[in-house]
Amino acid sequence: MNRKAEVTRDTLETKIRVKLNLDGTGVYKISTGIGFFDHMLEQVSRHGLLDMEIEADGDLHIDAHHTVEDVGITLGQALKQAIGEKKGLVRYGLSYVPLDEALSRVVVDLSGRPGLFYSVEYVRSQIGGFDVDLIREFFQGLVNHANITLHIDNLKGDNAHHQAETIFKATGRALRVALDIDPRASGSLPSTKGSL
């Protein structure tokens, strides 16, 4: 199987290129101009064993919103393209990830239906100048364009950086499980409907 994709997005606000390999080893090259966001995307790659290249040139002189959202959109498009027909996929993934005092749970369904259910109360609104509201914007763009269902719950945490990092790590780990090919499925779709 060739589960790879390369997608570009070029608007008046951002220029983004995403290259994705679902059967990678967690190698990444990420440059969005937003250091904290790069660090979070690296967590998805490394812990999801997804090879990712992301280059983003956005209107950061305004703020980070357009760049973060559009990276989510473009990564979602690449994920959808790389997944392809979904035959033989495990489909569901679940991960709990701790980081010191913080603990998050992420559950994914490669359902074909976009849905984000996000329950996170950050202890502060900024992480090194990065607006934590943008994390939800990233995930909304991702699920809308990958056509996946994603439940994200931060269960505890006293440090906003730790809260965010556990979310991104758990997302990578949950995707790693859901994207795996189950040899017992004999290439069938993981659905009684016969379509996803």
Side-chain angles (χ1 to χ4, degrees), residues 1-84 89 93 95 97 99 104 106 108 110 116 126-132 134-148 150 152 160-181:
M1 297 179 72
N2 183 21
R3 302 196 305 163
K4 299 178 181 178
E6 186 167 357
V7 176
T8 58
R9 178 180 173 85
D10 193 346
T11 73
L12 295 177
E13 297 170 339
T14 63
K15 291 176 175 51
I16 297 169
R17 182 183 71 87
V18 171
K19 191 173 180 181
L20 181 64
N21 177 6
L22 302 186
D23 299 307
T25 59
V27 175
Y28 54 81
K29 183 178 178 185
I30 298 170
S31 178
T32 67
I34 308 164
F36 176 76
F37 187 43
D38 290 355
H39 180 50
M40 294 299 102
L41 293 169
E42 290 165 1
Q43 304 308 317
V44 176
S45 172
R46 178 57 52 89
H47 294 280
L49 295 180
L50 306 171
D51 290 350
M52 288 174 30
E53 291 183 23
I54 299 176
E55 295 176 20
D57 180 16
D59 53 3
L60 297 180
H61 61 285
I62 296 175
D63 70 8
H65 188 283
H66 297 144
T67 300
V68 172
E69 181 180 32
D70 286 5
V71 166
I73 289 169
T74 312
L75 182 57
Q77 291 170 336
L79 182 59
K80 181 179 179 183
Q81 182 179 322
I83 289 171
L89 285 179
S95 181
V97 170
L99 175 55
S104 291
V106 173
V108 64
L110 307 178
L116 176 63
Q126 299 274 324
I127 304 172
F130 183 87
D131 182 354
V132 298
L134 297 182
I135 296 173
R136 183 185 185 111
E137 295 302 318
F138 164 76
F139 283 112
Q140 192 68 67
L142 179 74
V143 302
N144 285 350
H145 292 269
N147 286 346
I148 62 175
L150 197 59
I152 298 174
H161 187 128
H162 291 176
Q163 289 176 290
E165 190 162 332
T166 57
I167 288 166
F168 281 87
K169 285 178 175 177
T171 298
R173 296 286 302 188
L175 282 170
R176 179 174 167 177
V177 174
L179 291 166
D180 201 13
I181 301 297

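All of these numbers come straight from a predicted model, not from anything done at the bench.
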*Basic-acidic side-chain contact under 4.0 Å: Glu42, Arg46*: no

*Quick one: do Arg17 and Val7 satisfy side chain to side chain contact (heavy atoms under 4.5 Å, CB included)? Show the steps, please.*
CA-CA 6 Å; Arg17 182 183 71 87; Val7 176; over 6 Å; no

*Does the pair Phe36 and His161 meet the rule for a ring-ring contact (aromatic ring centres under 6.0 Å, His included), with working shown?*
CA-CA 9 Å; Phe36 176 76; His161 187 128; 5.2 Å; yes

*List the steps, then state whether side chain to side chain contact (heavy atoms under 4.5 Å, CB included) holds for Val97 with His47.*
CA-CA 10 Å; Val97 170; His47 294 280; over 6 Å; no

*Give the minimum heavy-atom separation between Ala78 and Ala5, together with the two atoms involved.*
O-CB, 3.4 Å

*How many angstroms lie between atom CD1 of Ile83 and atom CG of Leu22, to the nearest 0.5 angstrom?*
6.5 Å

*State, yes or no, whether a side-chain contact exists between Ile167 and Met40 at a heavy-atom distance under 4.5 Å.*
no

_salt_bridge(Lys29, Glu53) N-O dist < 4.0 Å_ = no

*Beyond-backbone contact of Leu41 with Tyr28, side-chain heavy atoms, under 4.5 angstrom*: no

*asked:* Pair Leu179, Leu79 - check side chain to side chain contact (heavy atoms under 4.5 Å, CB included), show working.
replied: CA-CA 10 Å; Leu179 291 166; Leu79 182 59; 4.3 Å; yes

_Nearest-0.5 Å distance that lies between atom CG in Asp59 and atom NZ in Lys15_ = 10.0 Å

*Taking the side chain as C-beta and beyond, is there a heavy-atom pair between Phe37 and Leu134 under 4.5 Å?*
no

*Quick one: does Val106's side chain get under 4.5 Å of Arg173's, heavy atoms only?*
no

*Begin with the C-alpha distance, continue with both residues' side-chain angles, and end with the deciding distance and a verdict on side chain to side chain contact (heavy atoms under 4.5 Å, CB included) for Gln163 and Ile127.*
CA-CA 10 Å; Gln163 289 176 290; Ile127 304 172; over 6 Å; no

*If every non-hydrogen atom of Ala178 is compared with every non-hydrogen atom of Gly93, which pair is closest and at what distance?*
CB-N, 3.7 Å

*Would you indicate whether the side-chain heavy atoms of Leu89 and Asp180 approach each other to under 4.5 Å?*
no

*Under 4.5 Å between any side-chain heavy atoms of Asp70 and Ile73, yes or no?*
yes

_Beyond-backbone contact of Glu69 with Glu13, side-chain heavy atoms, under 4.5 angstrom_ = no

*asked:* On a heavy-atom basis, which atom in Ala64 and which in Ile34 lie closest, and how many Å separate them?
replied: CB-CD1, 3.6 Å

*Which pair of heavy atoms, one from Asn21 and one from Asp23, lies closest together, and at what distance?*
OD1-N, 2.9 Å

_Can a donor-acceptor pair be found, under 3.5 Å and without considering hydrogens, that links the side chain of Thr14 to the backbone of Asp57?_
no

*What are the two closest non-hydrogen atoms of Gln126 and Val132, and how far apart are they?*
N-CG1, 4.4 Å

*asked:* Can you tell me how far apart CG (Leu150) and CZ (Phe139) are? Round to the nearest 0.5 Å.
replied: 6.5 Å

*If you round to the nearest 0.5 Å, how far is CD1 of Ile148 from CG of Leu116?*
9.0 Å

_Heavy-atom closest pair, residues Arg176 and Gly48_ = CB-O, 3.7 Å

*Decide if atom CG of Leu12 counts as having more than 12 heavy atoms of other residues, nucleotides or ligands within a radius under 6.0 Å.*
no

*Inter-residue atom distance Glu55.CD - Thr74.OG1, 0.5 Å rounding*: 12.0 Å

*Could you state the interatomic distance from CG (Asp38) to CD1 (Ile30), rounded to the nearest 0.5 Å?*
6.5 Å

_Is there a side-chain contact between Asp51 and Leu20 in this structure, where contact means two heavy atoms from C-beta onward sitting under 4.5 Å apart?_
no

